[in-house]
Amino acid sequence: MGEEVPEYILNSSVEKLSVAYDSESAAYQTSTNFGNKMYVVKGSEYGGNSPTNVKIFDNITRSWIIPTVLGMKPIHVGGHSAVLLNKDRILIVKRDSELDDCIWFLEVDTPFVKEQKKVFGTEVVAWSKGVAGNAPKPIVISGPSGVGKGTLINKLMKEFPSTYGFSVSHTTRAPREKESDGVHYHFTDRITMEQDIRDGKFLEFASVHGNLYGTSIEAVEVVTDSRKRCILDIDVQGARSVRASSIDAIFIFICPPSFEELEKRLRARGTEVEEQIQKRLRNAKAELDEAKSHGPFDHLLVNDELEFCYDNLKKLIASDELATPLHRSTMKNSKILVSDVEFKTDKTFLHCGDKDLLLLDISSLKGGAPGRTRGINVCPVESSGGCVNGIAQL
Ligand SMILES: Nc1nc2c(ncn2[C@@H]2O[C@H](COP(=O)(O)OP(=O)(O)O)[C@@H](O)[C@H]2O)c(=O)[nH]1
Ligand SMILES: Nc1ncnc2c1ncn2[C@@H]1O[C@H](COP(=O)(O)OP(=O)(O)O)[C@@H](O)[C@H]1O
């Protein structure tokens, strides 16, 4: 890249962690070795809110690589610390940051990153924010156009507004008369959406009936952050992508009682012109065949009589909730600021002000890029270095 290699990078050993202040850009940067590469993470300028930068130094070719950076990036204010974890990701702890925004992961060799390297044909790294506890399993609902997905989801959201939240997708299709931006969809144009896809902002996307549709990471996280169970209305290709991702979801396919009834409903809805109706019916045949033979679905539900189908949907979701009870973390949306970080052999301690020392527990990580990394807890430390009363309230 024609840039000189900083002294601290040339001198650092494989395991050594190095943090340096770059006076030119007034920002802290860390370098972490993994294999033959060194990952340099640079925070934003002091007091600024620009996203964190990543570049890679190849120790064999002695040259810099600018990787494709996926995912929502952390915004730094002060410095940060970094350490290699699980031999596939770098744990980044932001200093002078609130507890619920201080833990991030830069994935460098996880299955997701390996896959994306093939897709992009470049070096790839992916950000994933670390969050406390587990999230309720998202519910993925698919089915042909006009089968009644929207009707069923609306009923669920109306009956249980504080339990379920809808993942608002992005689409390049034009809004229908009764649809509003940000509620039914985020309506966008193809150029913007394609750029956002390249920037890794989407969990999944697909071309459906001639338009682009996609679920952004943010759309799901907004719902999960509000402690609701996320409902996704996505097509079969999207369901496949989510199935292949690190997200643990339940997949339901809604079938029509007959093809004739599907056509009747689609026409009665009166939202599509004839050409679109024909396209949707053609696609419906393929979707039904795929879902019934080798689709990614856990359950198929026939939407014949609406109330009957709705009751079955509720029963199905309820039995899944019973089977996997939700473990919520006690790590509150804390205003405690992390002032310093200590990495010991197998433990990470967060210093918060003068008195508080918290133990960061990352032993049961779940998920990861392109979504968030869950299962993190912090607790006050007792003199032996263990947690006080297991996981404690902060
Ligand atoms: N992959 C994917 N499919 C989506 C997404 N949002 C909507 N879809 C699917 O796109 C298809 C068309 O949706 P829409 O234009 O609202 O028409 P409708 O199905 O006739 O109501 C449906 O199969 C939706 O499930 C998304 O974010 N990702
Ligand atoms: N079980 C049902 N019986 C009859 N009509 C239905 C039923 N479910 C939905 N509909 C109607 O069918 C049309 C398509 O439903 P919609 O929810 O928009 O489908 P989708 O979201 O799957 O495209 C709507 O006019 C809706 O009122």
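One-based numbering, in listed order, for ligands and for the atoms of each.
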Practice item. Check for a donor-acceptor pair, side chain of Thr30 on one end and backbone N or O of Ser81 on the other, with a separation under 3.5 Å. Key: no
Review point. Which atoms from ligand 1 have a heavy atom of Arg269 less than 4.0 Å away?
Key: 18 (P), 20 (O), 21 (O)
Check your understanding: How does His184 reach ligand 1, by side chain, by backbone, by both or by neither, if only non-hydrogen atoms under 4.0 Å count?
Key -> neither
Review point. Is it true that the side chains of Arg173 and Thr171 contain a donor and an acceptor less than 3.5 Å apart?
Key: no
Point to revise | Lys37 and Glu123 ion-paired at < 4.0 Å | key: yes
**Study point:** Residues Glu307, Lys155: salt bridge by 4.0 Å N-O rule
**Key:** yes
Review point. Which residue supplies the protein heavy atom nearest to atom 19 (O) of ligand 2, what is that atom called, and how far is it?
Key: Gly148 N, 3.1 Å
Review point. What is the closest protein heavy atom to atom 19 (O) of ligand 1, and at what distance does it sit?
Key: Lys149 NZ, 3.5 Å
Point to revise | Sub-4.5 Å side-chain heavy-atom contact between Ser245 and Glu204 | key: no
**Study point:** Contact check: Asp235 vs ligand 1, nitrogen or oxygen atoms, below 3.5 angstrom
**Key:** yes
Check your understanding: Among all protein non-hydrogen atoms, which one is nearest to atom 16 (P) of ligand 2, and what is the separation to 0.1 Å?
Key -> Thr151 OG1, 3.6 Å
Check your understanding: Under 3.5 Å between some N or O of ligand 1 and some N or O of Phe205?
Key -> no
Study note, to complete from the structure: The atoms of ligand 2 lying under 4.0 Å from a heavy atom of Pro144, numbered in the order shown, are 22 (O)
Review point. What do we get for Glu179 next to ligand 1 when only non-hydrogen atoms under 4.0 Å count, side chain, backbone, both or neither?
Key: neither
Review point. Which class fits the ring pair Phe297 and Phe253: parallel under 30°, tilted 30 to 60°, perpendicular over 60°?
Key: tilted
Check your understanding: Under 4.5 Å between any side-chain heavy atoms of Phe120 and Leu70, yes or no?
Key -> yes
Study note, to complete from the structure: Among non-hydrogen protein atoms, atom 14 (P) of ligand 1 lies closest to Tyr185 OH, 3.4 Å
Check your understanding: Using a side-chain heavy atom cutoff under 4.5 Å and only I, L, V, M, F, W and Y, what cluster partners does Val273 have?
Key -> none
**Study point:** Nearest protein heavy atom with distance in Å, relative to atom 27 (O) of ligand 1
**Key:** Ser169 OG, 2.7 Å
Exercise for review: If you have a sec, work out which protein heavy atom is nearest atom 5 (N) of ligand 2 and how many Å separate them, to one decimal?
Suggested key: Arg265 NE, 3.5 Å
Check your understanding: Does even one non-hydrogen atom of Gly146 get within less than 4.0 Å of ligand 2?
Key -> yes
Review point. At a non-hydrogen distance cut-off of under 4.0 Å, which region of His170 contacts ligand 1 (side chain, backbone, both, or neither)?
Key: neither
Check your understanding: For atom 24 (C) of ligand 1, what is the nearest protein heavy atom, given as residue, atom name and distance?
Key -> Asp233 OD1, 3.5 Å
Check your understanding: Does the N or O separation between Glu305 and ligand 2 drop below 3.5 Å for any pair?
Key -> no
**Study point:** Any donor-acceptor N or O pair under 3.5 Å, side chains Ser167, Thr215
**Key:** no
Check your understanding: Does Thr68 reach the side chain of Gln116, with side-chain heavy atoms less than 4.5 Å apart?
Key -> no
Review point. Side chain or backbone of Thr215 under 4.0 Å from ligand 1, or both, or neither, by non-hydrogen atoms?
Key: both
Review point. Where is the nearest protein heavy atom to atom 8 (N) of ligand 2: which residue, which atom, and how far?
Key: Asn303 ND2, 3.1 Å
Exercise for review: Inspect the contact between Asp225 and Arg372 and indicate whether a charged nitrogen and a carboxylate oxygen are less than 4.0 angstrom apart.
Suggested key: yes
Review point. At under 4.0 Å between heavy atoms, which part of Glu272 makes contact with ligand 1: side chain, backbone, both or neither?
Key: neither
**Study point:** Nearest-neighbour protein heavy atom for atom 21 (O) of ligand 2, which is reported as residue plus atom name and distance
**Key:** Gly150 N, 2.9 Å
Review point. Under 3.5 Å, is there a donor-acceptor pair linking the side chains of Arg198 and Gln195?
Key: yes
**Study point:** Side chain, backbone, both or neither: Gln237 near ligand 1, heavy atoms under 4.0 Å
**Key:** neither
Point to revise | Residue Asp304 vicinity, atoms of ligand 2 by number, heavy atom under 4.0 Å | key: 1 (N), 2 (C), 3 (N)
Point to revise | Arg267 with Glu260: basic N within carboxylate O range, under 4.0 Å | key: no
Check your understanding: Nearest to atom 28 (N) of ligand 1, what protein heavy atom do you find, and at what distance?
Key -> Glu204 OE2, 2.7 Å
Review point. Would you say Gly214 touches ligand 1, if touching means a heavy atom closer than 4.0 Å?
Key: yes
Review point. Which residue owns the protein heavy atom closest to atom 18 (O) of ligand 2, what's the atom, and how far is it?
Key: Arg269 NH1, 2.8 Å
Exercise for review: Side-chain contact test, heavy atoms from C-beta onward, threshold under 4.5 Å: evaluate it for Tyr39 versus Leu84 and give yes or no.
Suggested key: no
Practice item. Output yes when the distance from some N or O of ligand 1 to some N or O of Glu287 is under 3.5 Å, and no in every other case. Key: no
Review point. Side-chain donor-acceptor pair under 3.5 Å between Arg229 and Thr163, yes or no?
Key: no
